[in-house]
Amino acid sequence: MHYFKYKKGELCCEDVPIAEIAGATGTPVYVYSYKTLERHFNVFDDAFKGTPHITCYSCKANSNLAVLRIMGRLGGGTDIVSGGELHRALQAGIPPRKIVFSGVGKTEDEIRSAVKTGILMINVESGDELAVIRKVAGKLKTRVPLSVRVNPQIDAKTHPYITTGLKKNKFGVLWDDAHTLYNQMGEDPYLDPVGISSHIGSQILELGPFVEAVRSLKSMALQLRAEGIPLRCMDIGGGLGITYRDELPPEPKAYGKAIENELKGTDLTVILEPGRVLVGNSGILATRLLYRKNGPEKSFYIVDGAMNDLLRPALYDAYHEIIPVNEKPGKRLKADIVGPICESGDFFAKDREMADLEPGELIAILGAGAYGFSMSSNYNSRRRAAEVLVKDKEFFVIRKRETFKDLIRGESIPSFLEV
Ligand code: PLP
């Protein structure tokens, strides 16, 4: 469900034609729909109304300040994985007590900032990390709320790059090690074990793996409580999938109900870390056709967006629906839709059946709101795209396209090379 629809043959975001935005900002440009973001947050959050919970939007999916502000206004918190994301969450006005900090490689500085900020909890991912937290907490004489990220060894049946809950993955710790970490926390006045957490992967299309993970987390939480460790929270991570092509992910309502059933009677507050499901279908990447090219074996549509703007097809061979901004019935042809970057991996689609378009026409890559701009880079010295938020009939530039000055900011030529 999203608000990108053709109106009189023109693709619009809510009530604004994409062509109007592209004309004002240039291309490539990310366009997000406020109404879609709002709807997705509310549908997801309402699905858990039977369970005490906090929806901590996983901002790695799309960390634009305006998007974070929307999530915060709707009552959400944030799941962060770096000092940079902490900074963004605070700048966007997210209350510290709704921020959870995950990630296998938090630095001492990042841990210190999180402790000073007074966030909801840090999800500990190793014994070495706990030692650093202990040191920081002792120095700051601050009691730090913690949870251990357990690796429940569950196959989320998704792409190997976004599976995180298997024995071979770098994330979390196995239950025996988690148990040891909880016991170590119990011995330190500054370490406060408040929760248990896991995140088994992303773009998960079945409820079974979630239920299995929650069931195993619940038995661990109950054991810890029986041993005198009074956990209050269970962080079940993110991972709910979305439709990119014809996938049928579980409805948030069914997900919420399944978790509610598993946790009935435990009085644990559930922390949720959804990313993709909130923002994925709330955004598109609009790009312009530069050239058509017929090779000996294939035809190409060369557009002005590239893998540096939207990496998912190159990284995961991910599918995105691609449509012309001006509806074009009639002749269709098969083409690879590629960008200008000097890599054969720089493609948005292979052998895709598309309308017969002329150079200069606009194309929309759908489902680009999650892991789109946030994964973008400056490869080939390309300036990162502009981002626009649409609300009803208005649009707002929420990130300007980078300038050439931005591209070289912070670089310098050492004195021995000066002319
Ligand atoms: N939480 C953690 C710890 C993650 O690593 C991720 C994604 O990788 C998420 C939440 C968000 O996942 P998704 O966007 O699939 O909901």
Side-chain angles (χ1 to χ4, degrees), residues 37 40-41 43-45 47-48 53-63 67-68 71 76-82 85-86 89 98-106 110 114 119-126 129 147-152 154 156-166 169-173 195-207 209-210 213-214 217 233-244 247 249-250 252 255-256 259 270-283 311-312 315-316 318 367-375:
L37 290 165
H40 286 182
F41 182 91
V43 166
F44 187 91
D45 198 57
F48 286 86
H53 73 280
I54 308 175
T55 299
C56 292
Y57 165 59
S58 189
C59 74
K60 62 175 75 65
N62 184 327
S63 55
V67 173
L68 278 164
M71 300 301 175
T78 310
D79 158 49
I80 59 163
V81 289
S82 70
E85 287 191 349
L86 175 62
K98 288 188 179 176
I99 297 176
V100 288
F101 194 177
S102 317
V104 288
K106 306 171 193 84
E110 289 175 323
I119 66 169
L120 176 64
M121 65 184 183
I122 298 179
N123 293 339
V124 181
E125 301 221 17
S126 66
E129 182 191 337
S147 117
V148 177
R149 177 165 170 182
V150 180
N151 180 338
I154 286 166
K157 300 191 181 76
T158 184
H159 191 286
Y161 285 11
I162 46 177
T163 293
T164 53
L166 293 176
N169 296 133
K170 68 179 175 181
F171 302 99
V173 294
I196 185 160
S197 71
S198 87
H199 168 79
I200 56 173
S202 197
Q203 185 56 8
I204 298 169
L205 296 168
E206 295 169 33
L207 284 183
F210 289 117
V214 168
L217 247 60
C233 304
M234 179 185 289
D235 180 343
I236 65 172
L240 195 60
I242 63 170
T243 304
Y244 284 105
E247 303 90 332
Y255 177 44
I259 304 306
V270 175
I271 310 298
L272 300 145
E273 300 176 355
R276 190 189 309 273
V277 69
L278 300 188
V279 294
N281 286 324
S282 308
L311 186 60
R312 298 187 68 258
L315 188 63
Y316 314 124
Y371 306 104
F373 185 90
S374 63
M375 279 184 146

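Remember, it's a predicted structure, so these values are computed and weren't measured experimentally. All ligand and atom numbering here is 1-based and tracks the order in the structure. Numbers here simply count residues along the sequence, with the first being 1.
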Open item on the list: Under a 4.0 angstrom heavy-atom cut-off, which atoms of ligand 1 come close to R276?
Closed with: 13 (P), 14 (O), 16 (O)
Open item on the list: Test your reading of the structure: does G275 have an N or O sitting under 3.5 Å from an N or O of ligand 1?
Closed with: yes
Open item on the list: For the backbone of E125 and the side chain of E129, can you confirm whether one donor and one acceptor N or O come within less than 3.5 Å of each other?
Closed with: yes
Open item on the list: So does N123 get a backbone contact from the side chain of S102, meaning a donor-acceptor N/O pair under 3.5 Å?
Closed with: no
Task: Parallel, tilted or perpendicular: ring planes of Y255 versus F48, cut at 30 and 60 degrees - done: perpendicular
- [ ] Using distance alone, determine whether S102 and ligand 1 share an N or O pair under 3.5 Å.
- [x] no
TODO: Give a yes/no on ligand 1: does P274 have at least one heavy atom closer than 4.0 angstrom to it?
DONE: yes
Task: Atoms of ligand 1, numbered as shown, that sit under 4.0 Å from any heavy atom of G238 - done: 10 (C), 16 (O)
TODO: Number the atoms of ligand 1 from 1 as they appear, then name those within less than 4.0 Å of a heavy atom of D79, with their elements.
DONE: 1 (N), 2 (C), 10 (C)
Open item on the list: Can you tell me which portion of S202 lies within the under-4.0 Å heavy-atom range of ligand 1? Options are side chain, backbone, both, or neither.
Closed with: both
Task: Distance-minimising heavy-atom pair for G76 and K98 - done: O-CD, 4.0 Å
- [ ] Please determine if G239 has a nitrogen or oxygen closer than 3.5 Å to a nitrogen or oxygen of ligand 1.
- [x] yes
Task: Atoms of ligand 1, numbered as shown, that sit under 4.0 Å from any heavy atom of E273 - done: 1 (N), 2 (C), 3 (C), 9 (C), 10 (C), 11 (C), 16 (O)
- [ ] Check V277, V279, L278 against F41 for a side chain to side chain contact (heavy atoms under 4.5 Å, CB included) and give me the one that passes.
- [x] L278
Open item on the list: Between Y57 and N62 (side chain of the first, backbone of the second, donor and acceptor by atom type, cut-off under 3.5 Å), is there such a pair?
Closed with: yes
Task: Test item: H199 side-chain N/O and G238 main-chain N/O as donor-acceptor pair under 3.5 Å - done: yes
- [ ] Give the atoms of ligand 1, by number and element, whose distance to some non-hydrogen atom of Y371 is under 4.0 Å.
- [x] 7 (C), 11 (C), 12 (O), 13 (P), 14 (O)
TODO: Output yes when the distance from some N or O of ligand 1 to some N or O of R149 is under 3.5 Å, and no in every other case.
DONE: no
Open item on the list: Would the distance check show the side chain of S198 and the main-chain N or O of V150 forming a donor-acceptor pair, the cut-off being under 3.5 Å?
Closed with: no
